[in-house]
Peer 1: 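Okay, here's the structure, questions in a sec.
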Amino acid sequence: LARLRSALEKERDGLRKQLAGLGQELKELHQSGAEEGGFGSHPADVSGNTYLEEVQASIMDTAQETLRQIEDALARMDQKTYGRCIDCGTAIPVERLEARPYAARCVPCQANYDRMQRERVGR
């Protein structure tokens, strides 16, 4: 458990630094796009900046979601519920926790959750 906590804390700290850097880059991209958005700017340049902003924002969203999952896992450790599936309560195999220390569900429940998410988005 201590090894998994250490791995989670290390990954959390790395994601926080990454998010800070990405936020600064996104801010700079936005500012440069605003400065270049006036007369004389080539539409391809403006379009390229918009695309880069969207990519950065998508990367940030993914990193923020992973950070949330890590913080949730650390909270489950503190509450002594870590390693148990949040849906069915069964023990999550150690191999799964070692591969993905912030896993909150056992494999069958995760597969069911993913399927339900795909169906919800597909509607």
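Only this structure's heavy atoms are used, side chains among them; waters, hydrogens and symmetry mates stay out.
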Peer 1: Restricting to non-hydrogen atoms, name the atom on Cys106 and the atom on Cys85 that form the minimum distance, rounded to 0.1 Å.
Peer 2: N-SG, 3.5 Å
Peer 1: Mind checking side chain to side chain contact (heavy atoms under 4.5 Å, CB included) for Ala111 and listing every partner two or more places apart, or none if nothing turns up?
Peer 2: none
Peer 1: Side chains of residues 88-99: which donor-acceptor pairs under 3.5 Å do they make with residues two or more places apart or in other chains?
Peer 2:
| unit_1 | atom_1 | unit_2 | atom_2 | d |
| --- | --- | --- | --- | --- |
| Arg96 | NE | Arg105 | O | 2.9 |
| Arg96 | NH2 | Arg105 | O | 3.4 |
| Glu98 | OE2 | Arg3 | NH2 | 3.2 |

Peer 1: Using the side chain to side chain contact (heavy atoms under 4.5 Å, CB included) criterion, which residues pair with Lys27? Sequence neighbours excluded.
Peer 2: Gln24, Gln31
Peer 1: Starting at OH of Tyr113, measure out to CD1 of Ile86 and round the result to the nearest 0.5 Å.
Peer 2: 8.0 Å
Peer 1: Check side-chain hydrogen bond (donor to acceptor under 3.5 Å, both in side chains) between Asp114 and all other residues, then give those that pass, not counting sequence neighbours.
Peer 2: Gln110
Peer 1: Atom CZ in Arg100, atom CG in Leu8: separation rounded to 0.5 Å?
Peer 2: 11.5 Å
Peer 1: For residues 70-79, which residue pairs pass the salt bridge (charged side-chain N to carboxylate O under 4.0 Å, His left out) check, not counting sequence neighbours?
Peer 2: Arg5-Asp78, Arg16-Glu71, Arg68-Asp72
Peer 1: What distance do Leu15 atom CG and Ile70 atom CD1 have between them, rounded to the nearest 0.5 Å?
Peer 2: 5.0 Å
Peer 1: Would you say the side-chain atoms of Thr81 pair up with the backbone N or O of Met77, donor to acceptor, closer than 3.5 Å?
Peer 2: no
Peer 1: Taking only residues two or more places apart in sequence, or in another chain, which ones meet Glu11 in a side-chain hydrogen bond (donor to acceptor under 3.5 Å, both in side chains)?
Peer 2: none
Peer 1: Distance from Asp61 atom CG to Gln56 atom CD, nearest 0.5 Å?
Peer 2: 11.5 Å
